[in-house]
Peer 1: 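Quick one: this structure, given as structure tokens, is what I'll be asking you about.
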Amino acid sequence: MVATEHILQELNPPQREAVTASAGPLLILAGPGSGKTRVIAHRIAYLVDREGVAPWRILAVTFTNKAAREMRGRVVAHLGDAALDVALGTFHSVCARLLRVEADRIGLPRSFAIYDDADQMALIKRVTEGLNIDPKRFSERAILSTISRAKSELVSPRAFAGSASDYFGELVARSYERYQALLEENSALDFDDLIVKTVEMLREHEAIREKYQERFLHVLVDEFQDTNVAQYQLARILAARHGNICVVGDPDQSIYSWRSADIRNILNFERDFPAARIVLLEQNYRSTQNILDAAHAVISGNQQRKQKSLWTERGGGEPIAVFEAYDETEEAEFIAREIARLLGEDGWAHRDFAVMYRTNAQSRAIEEALMRAGIRYQLVGGTRFYERREVKDVLAYLRLVHNPYDLVGLTRVLNVPGRGIGAKTAQQVERWAQTLGVPVYTALQILVAQESGSQPAGLPDAGRHPVAARQAKAIVEFVGLLDELMGVAAKNNLSTLLDGVLERTGYRRYLFDEFEDAEQRWENVEELRNVAADYDGLAPGNGLVSFLEDVALISDADTIADEGEAPSEGRVTLITLHSAKGLEYRAVFIIAMEEGVLPHVRSFDDPGQMEEERRLCYVGMTRAKERLYLLRAFRRYAMGSSQHNPPSRFLRDIPPQLIAQQSAVTEASERRYQAPAPRIDARPPVPEDAVFSGGEKVRHPRFGEGIVVACVVANGDQELTIAFKGEAGIKRLLLSLAPLERM
């Protein structure tokens, strides 16, 4: 045990108030870098050491195992072994513990299995197959995600069926019911069930409810802004008897609505607990005042928030560096140069830097620039670009076009997208090839020849292949596809070949049928196409060879760690903004601060999503301790074309006196800037009242409804970049020729 005076001595006045407010409901609004983990740990220690609360009567829940370990370690530092009796862990681990203890009383097998995502997908596939649901029309992932959201809102299969209002809803309702039945048959719970079953247990079994309500004298919830409906109900039930519920969070950092997090939980806490005491933790121990003021200017544009103003004793610090590059390549090269420059100064190490972005696909240019500069880096919250599944799939097809005897590439995509050539068939072909003593591709050619009733010269005379008729037909089509793509490669540039791969395999449709994050995966494929375009100036065939060689070298460099590297030197961190919450770095670079990227185009017609985009930017900015760089590109190559997006509205929110405006463009780029705009002749004049601006909704007679992402005015005309709904996607149109109307 430690003295109470020592527990309080380390705290500032608001932190001390939060720690010592031992009775009743308490809402701690903790800004970034304000020491909330310290407050929770000290509060637990204070309750035990000063208030005499038995450790086992305290429940503290958070969201990640990492956060739980950190909190446990701090409590142990104060209380010693007594801290081990505190019920502390993630929501899921705490609920699993309670369910196993009470399993016999609620009719649940004590040995129940917990299904992870892969298990859930396997189960939902069985469900959809049994219900004859066409996975090409309704993906299993979309159905499972809808079921998960229903569970997070405590909506049962019967209730969901009663509220289904369209055909997809009816399919989900039937799938939900069958999915739950199979879970029960398998004596299993998925992650959502751990929370849902615990809430049901407490609601339906009075004796169990009273047992835990009496036991937990104090309930503490960390990262409260990230709770969903089920998690909030669980906390409320457990704290109902004693009323000692303490929640810690920050609505300005609620960025996980796509995981069913409900910001209303923290915003409405005072309504649910009228007697709640509110404590604001506004002193920041991480960032300079300039960084805090800039972040505050951005987040102040939101309506769904609790007002607070962060301050620090660290002083103003460096101004916010806002840079404009010509394109994403120069943006990345500037970052590499700036990191290299600071690494040359005393006291800076690789671990001090982070580059943050909205989507994983944006890491590619940064990775390549850092590798060229010899700067070590690590990817957090995502796989290295060239190791991502969808990127490796497309590369495997290109490798096969170049060398069809590449067995690794062949086995990877033989059944991707699905052709009915399962693992069993692949094993049969490989064993047959071994018997014949030929490469697998040669065995496939023999199979094709046998299916056509011929025996081409140069192939060994073999016994009949072992593959069933349906699978043999699929293999014939696959080999024909490769032959066709080889013909394309012999006559066309690399981009045309890559487009041919995507079109002839139906890879885009495959992604959207199979993966919940299909849009992000498709962005990665489009980014790969952007890389391929750099090789289009080479002769057919040469571009493919050079591209595959360069990619192989990059991939090797990515996976081999420097021998003898001192662990303390670390690496530069590349990370998505969603993954950055809870982290901090001396210097942070946030790239692509452009309309349509950050904020994302999907948020343009949804005020709630726009507020979350603003919170996402705020989270990224407040990761910086000393230096914050906000970057944008004049042009960015994305979705198969070069686009010009206006600067992010978040940049406009920052007061000019906080900014050091600079340009990262090279002299060559300056010449491109200053080059005269393309001449536009023989087009009707554009009336002034027809000029559009970013964010406006429009309608096109062919492409349908869309949102203006970017616009460039030149020679009396306006070039519009519009994100249309559905398959039309992103289009660039001249206003003088496009029959657009405002919505």
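Residue indices begin at 1 and follow the sequence shown.
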Peer 1: First locate atom OG1 of Thr288, then atom CG of Leu628, and finally report the distance between them rounded to the nearest 0.5 Å.
Peer 2: 8.5 Å

Peer 1: Determine, for Arg141 against Glu514, whether the closest basic-nitrogen to carboxylate-oxygen distance falls under 4.0 angstrom.
Peer 2: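 Here Arg141 does not pair with Glu514 in a salt bridge, since their nearest N and O are not under 4.0 Å apart.
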
Peer 1: Which distance, rounded to the nearest 0.5 Å, do you find between the CG of Leu220 and the CG of Leu47?
Peer 2: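 If I round to the nearest 0.5 Å, the distance is 7.0 Å.
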
Peer 1: Mark yes when over 12 heavy atoms from residues, nucleotides or ligands other than Arg586 sit less than 6.0 Å from its CZ; otherwise mark no.
Peer 2: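 Count over threshold, so yes.
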
Peer 1: For a quick test of reading the model, state the closest non-hydrogen atom pair linking Tyr629 to Ala587 and the distance between them.
Peer 2: CE1-CB, 4.4 Å

Peer 1: Is it possible for you to check whether Arg521 lies under 6.0 Å from the centre of the six-membered ring of Phe515, through NZ or CZ, and within 45° of that ring's axis?
Peer 2: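 The answer is yes, since Arg521 meets both limits relative to Phe515.
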
Peer 1: Answer yes when Arg209 and Glu204 have at least one side-chain N-carboxylate O distance shorter than 4.0 Å, and no when they do not.
Peer 2: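 No, Arg209 and Glu204 are not salt-bridged.
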
Peer 1: Going by atom types only, do Asp250 and Gln253 share a side-chain donor-acceptor pair under 3.5 Å?
Peer 2: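 Present: a donor and an acceptor within the cut-off.
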
Peer 1: Got a second to check how far Arg97's CZ is from Thr198's OG1, nearest 0.5 Å?
Peer 2: 11.5 Å

Peer 1: Is there a side-chain contact between Val86 and Arg72 (heavy atoms, below 4.5 Å)?
Peer 2: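 Answer yes - side chains close enough.
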
Peer 1: According to salt bridge (charged side-chain N to carboxylate O under 4.0 Å, His left out), who are the partners of Arg174, at least two apart in sequence or on a separate chain?
Peer 2: none

Peer 1: More than 12 heavy atoms of other residues, nucleotides or ligands under 6.0 Å from CZ of Arg264: yes or no?
Peer 2: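 No, CZ of Arg264 has 12 or fewer neighbouring heavy atoms, counting only those of other groups under 6.0 Å.
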
Peer 1: Do Asn12 and Tyr285 pass the side chain to side chain donor-acceptor pair (under 3.5 Å) test, and can you show the C-alpha distance, the side-chain angles, and the key distance before you say yes or no?
Peer 2: CA-CA 11 Å; Asn12 64 38; Tyr285 294 91; 2.7 Å; yes

Peer 1: List the steps and the verdict of side-chain contact (heavy atoms from CB on, under 4.5 Å) for His205 and Glu200.
Peer 2: CA-CA 8 Å; His205 297 266; Glu200 290 178 354; over 6 Å; no

Peer 1: My understanding is that only one of Thr576, Ile591, Ile590, Leu616 makes a side-chain contact (heavy atoms from CB on, under 4.5 Å) with Arg358; could you say which?
Peer 2: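 Looking at Thr576, Ile591, Ile590, Leu616, the match for Arg358 under the side-chain contact (heavy atoms from CB on, under 4.5 Å) is Leu616.
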
Peer 1: Could you report the tightest heavy-atom contact between Arg636 and Ala592, atom names first, then the distance?
Peer 2: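 For Arg636 and Ala592, the tightest heavy-atom pair comes out as NH2-CA, 3.3 Å.
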
Peer 1: Taking everything shown except Glu17 itself, do over 12 heavy atoms lie less than 6.0 Å from its CD?
Peer 2: yes

Peer 1: Give me the atom names and distance for the closest heavy-atom approach of Ala18 to Val279.
Peer 2: CB-CG1, 4.1 Å

Peer 1: Are Leu11 and His42 side-chain neighbours, meaning at least one heavy-atom pair lies under 4.5 Å?
Peer 2: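 Touching, per the 4.5 Å side-chain cut-off.
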
Peer 1: Less than 4.0 angstrom from a charged side-chain N to a carboxylate O is my criterion; do Arg305 and Glu611 meet it?
Peer 2: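 Not counted as a salt bridge, because no side-chain N and carboxylate O are separated by less than 4.0 Å.
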
Peer 1: Out of Asn228, Asp192, Asp190, which one pairs with Lys151 under the side chain to side chain donor-acceptor pair (under 3.5 Å) rule?
Peer 2: Asp190

Peer 1: What donor-acceptor contacts under 3.5 angstrom involve side-chain atoms of residues 26-39, with partners at least two apart or in another chain?
Peer 2:
from: Ser34; atom 1: OG; to: Gly31; atom 2: N; distance (Å): 3.3
from: Ser34; atom 1: OG; to: Gly31; atom 2: O; distance (Å): 2.5
from: Lys36; atom 1: NZ; to: Asp222; atom 2: OD1; distance (Å): 3.0
from: Lys36; atom 1: NZ; to: Asp222; atom 2: OD2; distance (Å): 3.2
from: Lys36; atom 1: NZ; to: Glu223; atom 2: OE2; distance (Å): 3.2
from: Arg38; atom 1: NH1; to: Glu10; atom 2: O; distance (Å): 3.1

Peer 1: Begin from the C-alpha positions of Tyr585 and Met356 and carry the test side-chain contact (heavy atoms from CB on, under 4.5 Å) through to its verdict.
Peer 2: CA-CA 11 Å; Tyr585 303 89; Met356 301 180 183; 4.1 Å; yes

Peer 1: Salt bridge check, Lys697 against Glu705: does any charged N sit closer than 4.0 Å to a carboxylate O?
Peer 2: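 The answer is no: the pair does not qualify as a salt bridge.
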
Peer 1: Considering only heavy atoms from C-beta outward, does the side chain of Pro14 approach that of Glu282 to under 4.5 Å?
Peer 2: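 No, side chains not in contact.
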
Peer 1: Work out which heavy atom in Ala60 is nearest to a heavy atom in Ile44; give both atom names and the distance.
Peer 2: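 Taking every non-hydrogen atom into account, CB-CD1, 4.1 Å.
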
Peer 1: Hey, would you say the Phe91 and Phe63 ring centroids sit under 6.0 Å apart?
Peer 2: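 Yes, close enough.
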
Peer 1: Classify the side-chain pair Arg388/Ser363 by whether it contains a donor and acceptor separated by less than 3.5 Å.
Peer 2: yes

Peer 1: Given side-chain contact (heavy atoms from CB on, under 4.5 Å), test Arg158 with Glu177 step by step and report yes or no.
Peer 2: CA-CA 8 Å; Arg158 176 177 294 183; Glu177 182 179 14; over 6 Å; no

Peer 1: Between Tyr357 (side chain) and Ile575 (backbone), is there a donor-acceptor pair under 3.5 Å?
Peer 2: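 A pair under 3.5 Å: yes.
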
Peer 1: Looking at Asn265 and Thr227, would you say the former's side chain and the latter's main chain have a donor-acceptor pair under 3.5 Å?
Peer 2: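 Side chain of Asn265 to backbone of Thr227: a pair is present.
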
Peer 1: Give, for atom CZ of Arg57 and atom CZ of Arg215, the distance between the pair rounded to the nearest 0.5 Å.
Peer 2: 10.0 Å

Peer 1: Could you check if a side-chain atom of Ile58 sits within less than 4.5 angstrom of a side-chain atom of Phe216, using non-hydrogen atoms only?
Peer 2: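 They are not in side-chain contact.
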
Peer 1: Would you check if the side chain of Thr146 reaches a backbone N or O of Ala142 as a donor-acceptor pair within less than 3.5 Å?
Peer 2: yes

Peer 1: Would you kindly say whether Ser603 and Glu613 are connected by a side-chain donor-acceptor distance under 3.5 Å?
Peer 2: no

Peer 1: Taking the side chain as everything from C-beta on, heavy atoms only, tell me whether Glu594 gets closer than 4.5 Å to Ser648.
Peer 2: no

Peer 1: Under 3.5 Å, is there a donor on one side chain and an acceptor on the other for Ser139 and Asp513?
Peer 2: no

Peer 1: Does the pair Asp226/Lys581 count as a salt bridge with the N-to-O cut at 4.0 Å?
Peer 2: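 A salt bridge links Asp226 with Lys581.
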
Peer 1: Any side-chain donor paired with an acceptor under 3.5 Å for His218 and His242?
Peer 2: no

Peer 1: May I ask you to decide if Gln520's main-chain N or O and Asp517's side chain share a donor-acceptor pair within less than 3.5 Å?
Peer 2: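 No, Asp517 side chain to Gln520 backbone: no donor-acceptor pair under 3.5 Å.
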
Peer 1: Kindly compute the distance separating CZ (Phe224) from CD (Gln231), expressed to the nearest 0.5 Å.
Peer 2: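 Reported value, rounded in 0.5 Å steps: 10.0 Å.
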
Peer 1: Could you tell me whether the side chains of Glu516 and Ser145 share a donor-acceptor contact shorter than 3.5 Å?
Peer 2: yes

Peer 1: Identify the two heavy atoms, one from Arg286 and one from Thr622, that lie closest to each other, and give their separation to 0.1 Å.
Peer 2: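 Between these two residues, the closest heavy atoms are NH1-O, 2.8 Å.
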
Peer 1: Relative to Tyr232, does Arg236 satisfy both conditions: NZ or CZ under 6.0 angstrom from the six-membered ring centre, and within 45 degrees of the ring's axis?
Peer 2: yes

Peer 1: Taking all atoms of both residues into account, what is the closest heavy-atom pair of Ile195 and Ala230, and its distance?
Peer 2: CG2-CB, 3.7 Å

Peer 1: Is it true that a side-chain atom of Arg43 and a backbone atom of Ala21 form a donor plus acceptor pair closer than 3.5 Å?
Peer 2: yes

Peer 1: Under 4.5 Å between any side-chain heavy atoms of Asn244 and Val219, yes or no?
Peer 2: no

Peer 1: Taking side chain as C-beta onward, heavy atoms only, is Asn645 less than 4.5 Å from Arg632?
Peer 2: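 With C-beta onward as the side chain, the pair stays apart.
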
Peer 1: Taking the side chain as everything from C-beta on, heavy atoms only, tell me whether Phe604 gets closer than 4.5 Å to Glu595.
Peer 2: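 Yes. Closest side-chain heavy atoms under 4.5 Å.
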
Peer 1: Could you please spell out the steps behind the side-chain contact (heavy atoms from CB on, under 4.5 Å) verdict for Thr312 and Leu292?
Peer 2: CA-CA 8 Å; Thr312 181; Leu292 297 179; 3.9 Å; yes

Peer 1: Please determine whether a side-chain nitrogen of the Lys or Arg among Asp252 and Lys306 lies less than 4.0 Å from a carboxylate oxygen of the Asp or Glu.
Peer 2: no

Peer 1: Using a cut-off of 6.0 Å, state whether more than 12 heavy atoms not belonging to Gln657 lie near its atom CD.
Peer 2: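 Atom CD in Gln657 is packed in, count exceeds 12.
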
Peer 1: Applying ring pair (Phe, Tyr, Trp, His ring centres under 6.0 Å), name anything that partners Tyr176, two or more places apart in sequence or on another chain.
Peer 2: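 So Tyr176 forms no ring pair (Phe, Tyr, Trp, His ring centres under 6.0 Å) with any residue.
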
Peer 1: Once rounded to the nearest 0.5 Å, what's the spacing between atom OG1 of Thr359 and atom NE2 of His578?
Peer 2: 11.0 Å

